[in-house]
Every structure is written in C-alpha cells, then in structure tokens.
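Side chains are part of it too, since the values below use all heavy atoms of this structure and drop only hydrogens, waters and symmetry mates.
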Amino acid sequence: MDRSGDPAALASLIGHQLTEHSGGLYRRLADAIGALIGSAELPVGARLPAERPLAEALAISRSTVVAAYDELRARGLVESRRGSGTTVAPAASKGRSRADKRMPTGYGESLFHRIAHGPSEVIAMTYAVDPGIPELAAEVEDLARTELPLLLQGVGYHPRGLQVLRERIADHFAESGLPTTPDEIVVTSGAHQAIALVTQMYLRTGAAVVIEQPSWPGCFDLFGAAGGRVVGVPLDDAGVRPDLLAAAFREHQPAMLFVMPTFHNPTGRLMSSARRRQVAELAARHGVVVVEDNAYSAWDPAGPDVPAPLAAYAPKDAEVLTIGSVSKAVWGGLRIGWIRAPRPLAERLARHKALADLGSPVIEQALTARLLPRLTELTAARATMATVRKQLMGQLLTKRLPEWVWEEPVGGSALWIRLPDTDARIFTQVALRHGVEVVAGRAMDPTGEHDDHLRVPFSYSAEVMSEAVDRLASAWRELRRHGPADVVPEIV
C-alpha cells in the first residue's frame, strides 16, 4: 500500500511521531520519515511528496521540510535528481531484514495508533470507549469461586462458544424482536473479529463490498486486506439511501453489504424500521449478503425507540448476519462479541473461528454469560451517561468553537463535525501539536466527500473534554490566523 506520493496520506502516517520524538522539528520529521523508509509505505524508489505540498499537509513551514529532506539525504536514505524529485535511495534497504515485513498502514491507523502506543500527554480522542462497569470486579471474583472449578474440567476449546452464552445471546436477540436459537450464534473475540471472520468467508480478490458513506475506518482495512473493492453509498436521516443502494447493487454486483443500522459510526444516526425493511428486501432481490454491525448500542433515552435488528425485517430467503458485542456496554477489555446467522452459515463461520483461534477465552465467555441477562439495563445506564456528556461537549464546542457545525446524534458516542472551508487532515496536524488527537473525515470516507469533517468523541470526563476543547480551540485559532503554509509557528 504505497501511499507515499500523497502528501496528506504521508502526513497521516508521520504526524503522530512529530510529538513523540525529541529535537528540532525538522529532525523529528526526518526521524519519522526515516522510520517508514524501506517499508510497505516507503519502499525503495518511492517518490516523496514535494516540499511545499507536504508542508501544507503537516501545517508546518516549507523550510522545515527542506531541512528534513536534507537530513535524510545526509543519512543516505533518500536521493534527489532534477526532474525526478526526492525518492527513497536503494541504500535505504540495507540493514533491514528480509523477514521484517511491516504491516501496511491503513485508514484505521489514526484510531489504532494510540491504542498500540499507550497513554501520553496528548489527549487521544481517536476512539470512543468507557471504563469498565464498577460491578465487573465483583462478578469476576464470584465467577472464580463458583464456576471456574467446573470450567477447568473441560478442554477449554469452544469454537462456537459456550452453550450457556449462546443461549443467553439468543434470548437477548429474542427480546430485541429477532427470534433466535443458540445454533444460530457463533461467539467471537469482539465485534472486530466477527467482521474479520465474515470478510474471510465472503470476500475474494476483486469482489465489491458496499458500505455506508462515511463508515468505520477499520472496515476499509479489513475489506482491502481481503482484496475487496469498497463502494460507498451516502446516508440520509433514515439510513443508507435505498435508491443509490439499488444502483450500486446493479452496477457492482457486490458480494456483501456492510451497514451499521443502530447508531451508525460516525454519524450516530438510527436507521428507521421502514428503511431496514427496504434494505433487507433490496439485498434479497439482488442476492447480496447483508452484514449488520450493531455494536454501537448507546442511545439517547429521550430519543426514538430502537427498532429490531435488520435481520428481523428480511425475507426468509435472505442472508443477513448480525454482529454484536459487550464492549460498549460493559468494557472494551472484555473481548466477547458474536455473530447471529442462519444455521448453515453459522456452522461455516464456526469453522473459520476454529481456524483462527480454536475459540474465544472461556473465562471471559462465562463472565459475559452472567452479564447478558442485564445487557439492556447496562446499555441504558451507559446511554444516560452518554447523553449527559454529549450535552456538555455540545455546550463546550458552541462556546469555544461557534463556527463548527454538527448534527446532534440520536445515539453512539461521538459528534460528526463539519469544519468551515477547512481540510480536516490539515487541522488534525495542528491539533496534534496542541496536544489533542482527533480523526479526520478522510479516514472514514476515502472518496474525499467528507474531508471537511472530524469525529470528536464525548466518552470522557468533564475535565478531559473541557481541556480537549480548549486545545482544539487554540489549534483552530492558529490555523485560521496563519493558515497551513509557511508562516505557521514551528515547535522546537
């Protein structure tokens, strides 16, 4: 995935490192680019962006980029020729093991970077998660006393999931309006693995997968790694647009449709029951498998009722797979999710699951089985907290950043904000140097239709949100005052 020639793409790869290395800004920039050289992102012979476009993408001065390129030339990592620009030198491959295969950076990098690198002084607003529920510790202690001895007598491998957990997930679906049997459930290690398993089962190289536009960044990477072609379909207030969806089905004949009907990420919209029926019937008519991800379950208690999963509206001959998890309602560290699918598909998914890891951790499954009967109650409690924080974040932004525009989400845990006359990728670079990390719209829509958008989560304490908005406001003032070109003040 060589995206080196795109200044904004390269800026997104190295922007984090400008805050994590020491020394002058030009040296930090050289170190960040040097760390990528020889990898899948900057292979030998790859052309680096010209100095001015890269400076604009990073919102730093052109002289800084010139100095960084000079430093890289002095290290023998790049070479420049008149008319050819600056390219990665052949000598840059020396010292890198042939076995050192860097994972190509994808659209989800901006979300996953801080998870991988851990806490820092930067306020990371790249993912929206809550701490674990307080009662989780007591449940773990009681589980260890009462259930663990019996669990230890088994082999510990359950590719489809513990029977008791599958029974309770089936009951949970039935309560939501979708009758389900335990044989239709496969337990996974979170919703992320559920999507990965479905991707392995359905996507082949060159196959199209239709998604909502914008969408969750991780899906671009998962579908792309499987060789799939992503086709985006815009949303309206009721969900993915059926007229454009039908056109995409006719033109691309996709293998799969991936949607987030219940509190779409990043917009927080709720697909109506009528739209769910339309989507399910369209997909069945065109023979397209539907994968619905309902992991984002926090809703505004004062908002509209949540319809049953999309699968409840599907014709009998339709293939609809429904994904859920406890990560949002209970704790992100409790890596238990599930897929509901017609029995023959569930059996195939279980074989993929067995190949992946032989089964999710048994103790975590047993803990989740205890919590499933209370999942609706726990989700409602999270939703009440989220509504309070959403209102606070709205007040802070209205006061400090009145130019920013957003549509109040029905559910979810983030605001989808439009910046006036601004490429959000450039703003995120300025914000990062002000100590706050946010995700630009391009990560959620590679077409460029939402380049002026930011995703700003509100799943933080009042103190953290207040400080984050202060830093965002400072970054916005700097960008609006100086612009992204040469006169932006440098950090030394």
Side-chain angles (χ1 to χ4, degrees), residues 1-16 36 39-42 46-47 49 53-54 56-58 103-113 126-127 192 195-196 199 203 205-236 239-241 244-245 247-249 251-252 254-260 264-269 291 293 414 416-419 422-429 431-432 437-456 484:
M1 187 185 296
D2 179 6
R3 294 187 282 139
S4 56
D6 180 354
L10 184 58
S12 71
L13 297 179
I14 63 180
H16 304 287
L36 291 173
S39 71
E41 287 86 11
L42 286 180
R47 179 179 295 186
L54 182 58
E56 292 177 354
L58 287 166
M103 180 68 176
T105 304
Y107 291 98
E109 169 68 7
S110 53
L111 277 71
F112 303 140
H113 172 87
T126 53
Y127 48 91
H192 189 278
I195 299 170
T199 300
L203 285 193
T205 300
V209 53
V210 173
I211 65 169
E212 296 151 314
Q213 182 182 330
S215 192
W216 173 60
C219 75
F220 300 116
D221 300 335
L222 286 171
F223 300 152
R229 296 183 294 110
V230 174
V231 177
V233 174
L235 306 162
D236 61 21
V240 64
R241 286 183 51 178
L244 299 180
L245 184 62
F249 284 169
E251 179 179 354
H252 298 281
M256 188 170 80
L257 166 66
F258 176 78
V259 291
M260 293 172 282
H264 170 266
N265 179 18
T267 67
R269 293 176 184 172
V291 179
D293 178 5
W416 184 232
I417 296 173
R418 182 174 60 81
L419 307 182
T422 302
D423 188 329
R425 292 173 296 177
I426 295 174
F427 174 70
T428 60
Q429 298 299 323
L432 191 58
E437 193 173 11
V438 285
V439 178
R442 176 58 72 100
M444 299 185 164
D445 181 6
T447 69
E449 291 294 321
H450 292 89
D451 280 2
D452 58 350
H453 278 68
L454 285 177
R455 192 188 78 158
V456 178

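- For the pair Trp216/Ile211, no side-chain contact is recorded, criterion being any heavy-atom separation below 4.5 Å from C-beta on.
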Checking Ile417 against His453 for the side chain to side chain contact (heavy atoms under 4.5 Å, CB included) test, could you report, in this order, the C-alpha distance in whole Å, the side-chain angles of both residues, the deciding distance, and whether it holds?
CA-CA 5 Å; Ile417 296 173; His453 278 68; over 6 Å; no
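- Separating the CE atom in Met260 from the OG atom in Ser215 is a distance of 3.5 Å, to the nearest 0.5 Å.
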Output, in order, the C-alpha distance, side-chain angles, deciding distance and verdict of side chain to side chain contact (heavy atoms under 4.5 Å, CB included) for Val240 and Gln213.
CA-CA 8 Å; Val240 64; Gln213 182 182 330; over 6 Å; no
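- Look at Arg442 and Asp451 and you find a salt bridge, because one of the NZ, NE, NH1 or NH2 atoms lies within 4.0 Å of a carboxylate O, short of that distance.
- Remark: side-chain polar atoms of Asp236 are paired, donor with acceptor, to backbone N or O of Gly239 under 3.5 angstrom.
- Residues Ile195 and Asp293 form a side-chain contact, since some pair of their non-hydrogen atoms from C-beta on lies under 4.5 Å apart.
- Across Val233, Leu257, Leu235, a single residue satisfies side-chain contact (heavy atoms from CB on, under 4.5 Å) together with Glu212, and that is Leu235.
- Across Leu10 and Pro49, no two heavy atoms sit closer than the pair CD2-CD, 3.5 Å.
- The shortest side-chain heavy-atom distance between Leu13 and Leu36 falls under the 4.5 Å cut-off.
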After noting the C-alpha distance and the side-chain angles of Phe223 and Met256, does the key distance pass the side chain to side chain contact (heavy atoms under 4.5 Å, CB included) rule?
CA-CA 10 Å; Phe223 300 152; Met256 188 170 80; 3.5 Å; yes
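- Annotation: Trp416 is not in aromatic contact with His264 [ring centroid separation under 6.0 Å not met].
- Between the CG atom of Leu244 and the CZ atom of Phe249 there is a distance of 11.5 Å, given to the nearest 0.5 Å.
- With contacts defined as side-chain heavy-atom distances shorter than 4.5 Å, the pair Val231/Pro254 does not qualify.
- To the nearest 0.5 Å, atom CZ of residue Phe220 and atom CG of residue Asp445 are 6.0 Å apart.
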Applying side chain to side chain contact (heavy atoms under 4.5 Å, CB included) to Thr428 and Val439, what does each step give before you reach the verdict?
CA-CA 7 Å; Thr428 60; Val439 178; over 6 Å; no
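- The heavy-atom pair separating Gln429 from Ala57 by the smallest distance is CG-O, 3.3 Å.
- The shortest heavy-atom contact between Ala248 and Val210 is CB-CG2, 4.3 Å.
- For the pair Arg229 and Gly206, the tightest heavy-atom approach, listed with the atom from each and the gap, is NE-O, 2.9 Å.
- With hydrogens and angles disregarded, no donor-acceptor distance shorter than 3.5 Å links the side chain of Thr422 to the backbone of Ala424.
- Side-chain contact between Leu454 and Arg418: absent, with no pair of heavy atoms (C-beta onward) separated by less than 4.5 Å.
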